S.K.: 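Let me give you the structure first, and then I'll get to my questions.
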Amino acid sequence: MATRPFRVATDVGGTFTDLLVFESDDETGETRVRSAKSDTTPGGYEEGVFDVMEKAGVEADSVNFLAHGTTVVINALTERTGVKVGLITTQGFRDTLEIARGNRPDFFNLHYQKPEPFVPRRLRRDVPGRIDYHGNEMQPLDLAPLPEIVADFQAEGVEAVAICFIHSYANPSHEERALAELVRLWPGVSAIASHQITREWREYERTSTAVLSAYVQPVAERYLQRLAAGLAEQDFRGGLYIMQSNCGVDSVDTVSRIPITMVESGPASGVWGAAELGRLIGEPNVLALDIGGTTAKCSLIEDAEVRIRTDYWIGRSGATAGYPIMVPVVDLVEIGNGGGSIAWVDDFGKLRVGPRSAGALPGPAAYGRGGTEATTTDANLWLGRINRDYFCGGTVTADMDAVQEAMEAVGARLGVDAEAAARGIVRIANNNMVNALKLVSVNRGFDPRDFTLIAFGGGGAMHAVALAQELGVTRVVVPADASVFSAWGMLMSDLRRDDVVTLLVDLTRDNAAVIEAAYREAEERARSRFAAEGIARSAVKLVRLGRFRYQNQEHTTEVPLVSDPVTAGGIAAIEADFHEVYEREYTYRLDAPVEMVGLHVVATVDIGKLTMIPRETTGRVLADAQKGTRRVDYALEGLHEAALYDGERLEPGMGFDGPAIVEDSGTTVVIHPGNHAEVDDFGNIRIHIRN
């Protein structure tokens, strides 16, 4: 019987590279799902992709759709492994990048220093020419200094050039001319202008975005070329799409030109997967939680809609302001708290977990690869929450001697035994994740009790019930194939592009025609870009959002537009929606005029998302899936004899009570005492929390 994989997704994480493949039977039309994991291969991430495809038995020549998410961009930024960049800007604005903002987080630290710019001052050059904020030319562009600038950059070993002129969001003509002349003078140079990435105002943020995009462009482009070439060598002839930070995929050619758009591609796919799963199972309000080997990510989804923001920062912490990237990124909070997060005791004798991680090498102590520091995974093993005899799906023999030494070392610093140290590590890790979930819910005016927690990633299901109990959440869903759920999200994504444009006008009836014209222009631009790639204009779906604020405020609130087209009669409804959204997030509203600051157009094209069908049952009963029992320490509820279930033998309709543990090759689901779990029609485990 001829069976072939036809849709594949690969997700490169900090520790593992995941793969999900949907196989279709040519004769019966039935679909089968398989997954696999392999170690991430730093320095050559594409090798991890080829490794996991080989491990899963997936032949490239039989794949007709491949979606790929990667950490190559975020790693290049955080590890400073990009290329040397030169910046060309408007005369007098050479130091914008270094002046930055006054938003230092460690406000009372008299020794605080701003983050070091990615471009040193000697490589920041300016040219005469000026556009005002209306887009009018105040001073003609003078490119006479450009040949000397190019010669200096070449002598300095610059590999990429960023161009950012003041007010180019309103009129990019000066940037366009400068970019064309730069490429003429320096054929083959990697160059990017700010208007190619964003049409929003805020000079420092646009400059930073252009610089960071140039910084990673050669690195990302070479990586994507190696990936595409390696697949071509294996006779891959299907469509290769790259996951972006806006929860959509795009072509390799497009992403190679502006790779900064995939800065959070992996986390975005997981959040989008949670939104799609919520739609599928009738849970439109979701708290998405992704716990991997290195980090934990969480996001809030309301009415099945994922929030996208353009005020993303990398490297921001309690000690440093970080660097802004003004591209559409899924609204999420990310903390250094994954399975490989290292437990340590600070100078005040307090236990901490993360943000430092053991990564893939050496990994947690249990891996037996030389790791000596205790991690969250080691603590879960020591407490019996993870099966030491089925570690990593039975592919790794847990080094329990190393785990014991690591736990005892932490305990010795705290003055407790190994068991108490392990409980403390789990509780601290849970507390860190609860705080992150509050940041995306309580801090933004949402009650987490109104949401369903969808937990995925290798460690999501291990901590989800404890987090739900702390937050008062009553429903937890652990997706089928939870350990590779982000890859599943990629296969549910559309081809997507976001166009955010600054438009500063009062929200009044008189300006309705101006607003409508701006939306139509952005929509036509989106259709034309897709049409240039052979995509029919009729296939493009457009969604309008607007960014508004009260007059004299600094920042904006984004509101979906229900009035399409925008008419004088519809302005009142838009304003009412703004007041409602603003009050929910900030707890008050003002009796003040409202102004529009920007428009946001989302353009998507359906490229054949998966259609999920209920799983068939074989007639098994729950006893057929039970593997036995094991003493499990639940950290807060103490020791219990937990029933053990084989996750791959559970079927729709089966239900059981905690204390229980569900194990499959990639995930361990920890169900606390007093809670009830059941398997739904799609193989997801739904846990009802009895708070």
Side-chain angles (χ1 to χ4, degrees), residues 245 247 264 266-292 295-309 312 329-339 429-483 485-486 488-489 492 558 581 584-585 667 669-672 675-678 680 682 684-691:
S245 306
C247 294
E264 288 283 10
S269 60
V271 174
W272 182 255
E276 286 290 311
L277 180 60
R279 292 189 189 99
L280 183 68
I281 63 176
E283 298 284 359
N285 297 323
V286 167
L287 282 170
L289 175 66
D290 177 4
I291 304 177
T295 60
K297 285 82 67 175
C298 55
S299 183
L300 183 139
I301 300 160
E302 184 186 25
D303 294 332
E305 295 295 331
V306 174
R307 300 179 71 182
I308 304 296
R309 304 170 71 98
Y312 174 80
V329 177
V330 62
D331 183 17
L332 55 80
V333 169
E334 184 171 5
I335 61 172
N337 237 110
N430 285 346
N431 185 68
N432 292 341
M433 295 174 204
V434 164
N435 289 337
L437 287 164
K438 286 180 178 178
L439 288 175
V440 299
S441 56
V442 177
N443 285 29
R444 295 177 182 169
F446 295 97
D447 189 338
R449 294 173 295 184
D450 297 332
F451 291 78
T452 297
L453 180 63
I454 296 183
F456 49 95
M462 208 174 311
H463 298 268
V465 172
L467 305 181
Q469 291 178 160
E470 177 69 20
L471 292 166
V473 172
T474 58
R475 300 179 304 280
V476 172
V477 176
V478 179
D481 297 301
S483 65
F485 186 70
S486 290
W488 184 84
M492 302 298 291
E558 187 165 89
V581 173
R584 183 184 61 205
E585 187 158 349
T667 310
V669 187
V670 177
I671 301 162
H672 290 236
N675 299 312
H676 179 73
E678 59 187 33
D680 70 12
F682 300 98
N684 309 303
I685 298 176
R686 300 203 197 193
I687 305 167
H688 302 276
I689 310 299
R690 296 167 181 164
N691 290 309

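Worth saying up front: this structure is predicted, and the values here are computed from it rather than measured. Counting from 1, the numbers follow the sequence of the chain as shown.
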S.K.: Are the side chains of Arg686 and Arg475 in contact, using a 4.5 Å heavy-atom criterion?
M.R.: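 Counting from C-beta outward, Arg475 and Arg686 never come under 4.5 Å.
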
S.K.: Taking Ser269 for the side chain and Ser486 for the main chain, is one N or O donor matched with an acceptor at less than 3.5 Å?
M.R.: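 Yes.
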
S.K.: So which heavy atom on Ala288 is nearest to which on Phe456, and how close?
M.R.: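 What the structure gives for the nearest pair is CB-CE2, 4.2 Å.
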
S.K.: Is the closest side-chain heavy-atom distance between Leu453 and Leu289 below 4.5 Å?
M.R.: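 Side chain of Leu453 against side chain of Leu289, heavy atoms only: contact under 4.5 Å found.
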
S.K.: How long is the span from the CG atom in Leu332 to the CG atom in Leu439, to the nearest 0.5 Å?
M.R.: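 Here the interatomic distance stands at 11.5 Å.
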
S.K.: What are the two closest non-hydrogen atoms of Leu287 and Leu300, and how far apart are they?
M.R.: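 Closest heavy-atom pair between Leu287 and Leu300: CD2-CD1, 4.0 Å.
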
S.K.: Could you grab the distance from atom CG of Asp450 to atom OG1 of Thr474, nearest 0.5 Å is fine?
M.R.: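 One finds 9.0 Å between CG of Asp450 and OG1 of Thr474.
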
S.K.: His688 versus Glu678: any side-chain heavy-atom pair under 4.5 Å?
M.R.: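 A side-chain contact under 4.5 Å exists here.
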
S.K.: I need the Thr667 OG1 to Ile685 CD1 distance, nearest 0.5 Å.
M.R.: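 Separation between the atoms: 8.5 Å.
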
S.K.: Measure the shortest side-chain to side-chain distance between Ile308 and Val330 over non-hydrogen atoms and say whether it is less than 4.5 angstrom.
M.R.: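 Ile308 reaches Val330 side chain to side chain.
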
S.K.: Could you tell me whether the side chains of Lys297 and Ser299 share a donor-acceptor contact shorter than 3.5 Å?
M.R.: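 Lys297 vs Ser299: no donor-acceptor pair found between side chains.
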
S.K.: Please round to the nearest 0.5 Å and tell me the distance separating atom CG of Asn430 and atom CE of Met462.
M.R.: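 Here the interatomic distance stands at 11.0 Å.
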
S.K.: How far does CG of Asn435 sit from CD of Glu470, to the nearest 0.5 angstrom?
M.R.: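 These two atoms lie 9.0 Å from each other.
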
S.K.: Is there a side-chain contact (heavy atoms from CB on, under 4.5 Å) between Ile671 and Ile687? Walk through the geometry before answering.
M.R.: CA-CA 8 Å; Ile671 301 162; Ile687 305 167; 4.0 Å; yes

S.K.: Any chance you could measure His672, atom NE2, to Gln469, atom CD, to the nearest 0.5 Å?
M.R.: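 Rounded to the nearest 0.5 Å, the NE2-CD separation comes out at 6.0 Å.
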
S.K.: Between Arg444 and Glu302, is there a side-chain N and carboxylate O pair less than 4.0 Å apart?
M.R.: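 No, Arg444 and Glu302 are not salt-bridged.
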
S.K.: Between Arg449 and Leu471, which heavy-atom pair has the shortest distance, and what is it?
M.R.: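 Looking at all heavy atoms of both residues, the shortest contact is CG-O, 3.7 Å.
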
S.K.: May I have the step-by-step check of side-chain contact (heavy atoms from CB on, under 4.5 Å) for Asp331 and Val440, ending in yes or no?
M.R.: CA-CA 8 Å; Asp331 183 17; Val440 299; 5.6 Å; no

S.K.: Relative to the ring of Phe446, is the ring of Phe451 parallel (under 30°), tilted (30 to 60°) or perpendicular (over 60°)?
M.R.: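 Phe451 and Phe446: perpendicular rings.
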
S.K.: Passes side-chain contact (heavy atoms from CB on, under 4.5 Å), Asp481 versus Trp488? Steps please.
M.R.: CA-CA 8 Å; Asp481 297 301; Trp488 184 84; over 6 Å; no

S.K.: If you take all heavy atoms of Val286 and Gly278, which pair is closest and at what distance?
M.R.: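 That would be CG2-CA, 4.4 Å.
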
S.K.: Take Val271 and Ile301, measure what side-chain contact (heavy atoms from CB on, under 4.5 Å) needs, and give me the verdict at the end.
M.R.: CA-CA 8 Å; Val271 174; Ile301 300 160; 4.1 Å; yes

S.K.: Please name the pair of heavy atoms, one in Ala464 and one in Val476, separated by the smallest distance, quoted to 0.1 Å.
M.R.: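 Closest approach of Ala464 to Val476: CB-CG1, 3.8 Å.
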
S.K.: Search all heavy atoms of Ile454 against all heavy atoms of Ala274 and return the closest pair with its distance.
M.R.: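 Closest pair (atom of Ile454, atom of Ala274, distance): CD1-O, 3.7 Å.
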
